[in-house]
Amino acid sequence: MSGKPVLWLPRRVSDSTIARAHRNYDVIVTETDMPGTADEIVAMSAKADAMMPCHSEHFSADVVARLDPRLKIIANHSVGMDHCDIPALKARNIVVTNTPDVLSDATAELAMLLMLGAARRVVDGERLVRTGSWDSWSPAFMVGKQVSGSRLGIVGMGRVGRAFAAKARGFDMEIHYYNRSRLPEGLEKGAVFHETIESLLPVSDFLSLHCPATPDTVDLMNSRRFGLLPDGAVFVNSARGALVDETALLEAIGSGKLAGAGLDCFKTEPGGNPAFAEFNNIFMLPHIGSATAKTRDAMGFRALDNLDAFFAGETPRDAF
Ligand code: DGY
């Protein structure tokens with residue numbers, strides 16, 4: 001390859017990421033900052049040696065089949081990989097990387113916010129004050145569910161799950177978890193391992209999802225599983241919308257089985273599920289788990305580290 005490799009940035013990543021990218025690459029930035037469509041991705045694959053997409057750009061088998069052979073690496077600016085058909089990309093010899101570790105704290109922070117917000121009725125309370133309709137107070141007013149000392153169930157004890165557990169320990173929570181395999185003691189840090197989700201749910205006064213979306217985890221939380229939670233449990237999802245049967249969640253909220261839910265992820269994104277808006281005990285945010293300035297830089301730099309390694313002839317640290 002003569003000259004710098006060409007790198008396409010479909011989304012508006014951080015200024016520091018763009019500045020660093022210019023050092024080693026001829027950078028094409030899509031200034032509109034809209035999700036890259038299938039046709040755009042295919043067209044750009046003929047102009048770029050590398051891409052740094054986000055979870056908003058979908059590399060389905062159909063798209064991958066149409067990619068130009070010029071494209072050699074997709075260095076994702078995300079930890080989640082459910083937007084990429086990895087086997088199809090591997091079959092085309094396209095290297096794929098992600099950005100683990102660097103967003104764990106920001107995402108765990110947001111999960112904590114969702115858990116606290118849902119438990120302490122933040123939607124109701126914030127609206128009352130904001131709209132000027134807060135006109136009384138009593139000991140019976142806006143009573144929520146106490147997080148401190150409660151039992152927390154975590155599904156998926158990877159990096160984000162463990163970062164969340166670390167923060168929850170600060171609230172003296174009793175931590176239980178389900179994971180495909182049990183963690184070594186040093187990582188478990190006293191959390192109680194459950195071999196099945198079914199065994200975890202009945203002890204989860206609060207339940208938080210931290211596992212990836214794969215064909216095996218679609219609708220992992222369905223009506224039967226919501227039914228296994230203690231009455232008045234609070235459900236948190238900062239992982240992926242695909243993990244939840246949203247009709248079942250609405251039923252669990254509507255019936256009073258759940259005291260509340262905190263959601264940062266939805267089946268349909270952007271947009272979410274308008275039916276959730278009927279319920280003030282569902283506290284919702286627009287998929288912003290990793291959206292802090294520090295983490296956005298770290299994600300961009302990690303993606304660039306992967307690209308730099310690849311173009312130096314090495315195997316990138318986060319290659320699949
Ligand atoms: C991730 O990195 O997977 C986050 O959901 C943001 O894309």
Side-chain angles (χ1 to χ4, degrees), residues 8-14 16-18 30 33-37 41 51-60 63 73-86 89 96-115 154-164 167 208-218 220-221 236-244 246 262-273 283-307 316-320:
W8 180 42
L9 303 179
R11 307 310 304 270
R12 180 79 207 179
V13 291
S14 76
S16 313
T17 302
I18 296 175
T30 300
D33 193 23
M34 294 298 285
T37 62
I41 291 169
M51 294 182 180
M52 190 194 291
C54 298
H55 73 269
S56 47
E57 282 65 54
H58 295 272
F59 293 81
S60 62
V63 170
I73 175 166
I74 296 172
N76 284 293
H77 185 280
S78 71
V79 67
M81 296 292 282
D82 45 309
H83 58 292
C84 289
D85 188 323
I86 304 284
L89 286 159
V96 190
T97 63
N98 70 341
T99 59
D101 298 317
V102 293
L103 45 65
S104 304
D105 274 326
T107 308
E109 258 176 32
L110 191 100
M112 186 55 73
L113 170 67
L114 292 171
M115 181 166 74
I154 297 180
V155 178
M157 203 59 153
R159 299 171 183 89
V160 181
R162 295 199 300 275
F164 184 56
K167 292 174 187 3
S208 191
L209 304 185
H210 295 285
C211 54
T214 67
D216 291 339
T217 58
V218 170
L220 173 134
M221 284 309 293
V236 174
N237 184 15
S238 59
R240 282 291 186 267
L243 303 172
V244 181
E246 294 188 340
L263 308 174
D264 186 47
C265 298
F266 304 86
K267 283 257 198 271
T268 305
E269 292 186 11
N273 184 337
F283 173 33
M284 297 181 279
L285 293 170
H287 199 140
I288 52 167
S290 52
T292 68
K294 179 177 176 182
T295 293
R296 287 288 182 250
D297 278 351
M299 291 170 76
F301 292 171
R302 184 84 171 223
L304 286 171
D305 290 346
N306 285 319
L307 286 169
R317 170 180 183 184
D318 304 312
F320 273 69

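It should be emphasised that the depicted structure is a prediction, and the values quoted were computed from it without experimental measurement. Ligands are counted one by one from 1 in listed order, and the atoms in each one are counted from 1 as well.
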**Student:** Does Arg240 have a heavy atom less than 4.0 Å from any atom of ligand 1?
**Tutor:** yes
**Student:** Could you find the nearest protein heavy atom to atom 7 (O) of ligand 1 and give me its residue, atom name and distance?
**Tutor:** His55 ND1, 2.7 Å
**Student:** Is it the case that ligand 1 has an N or O less than 3.5 angstrom from some N or O of His287?
**Tutor:** yes
**Student:** Taking only Lys NZ, Arg NE, NH1 and NH2, and the carboxylate oxygens of Asp or Glu, determine whether Lys294 and Asp105 approach each other closer than 4.0 Å.
**Tutor:**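 Between Asp105 and Lys294 there is no salt bridge, as every charged N stays at least 4.0 Å from the carboxylate O atoms.
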**Student:** Contact between His55 and Glu269 at the side-chain level, heavy atoms closer than 4.5 Å - yes or no?
**Tutor:**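 Counting from C-beta outward, His55 and Glu269 do come under 4.5 Å.
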**Student:** Atoms of ligand 1 less than 4.0 Å from Leu103 heavy atoms?
**Tutor:**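 In order of number, 2 (O).
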**Student:** Pull out every atom of ligand 1 sitting under 4.0 Å from any heavy atom of Ser290, numbered as shown with elements.
**Tutor:** 6 (C)
**Student:** Are the side chain of Asn237 and the backbone of Arg240 linked by a donor-acceptor contact shorter than 3.5 Å?
**Tutor:** yes
**Student:** Which of the numbered atoms in ligand 1 are below 4.0 angstrom from a heavy atom of Val79?
**Tutor:** 1 (C), 2 (O), 3 (O)
**Student:** Compute the shortest N/O to N/O distance between Gly80 and ligand 1 and return yes if it is under 3.5 Å, no if not.
**Tutor:** yes
**Student:** Quick one: does Arg159's side chain get under 4.5 Å of His210's, heavy atoms only?
**Tutor:** no
**Student:** Cut-off 3.5 Å, side chains only: do Ser290 and Arg296 have a donor facing an acceptor?
**Tutor:**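 Yes, a side-chain donor-acceptor pair sits under 3.5 Å.
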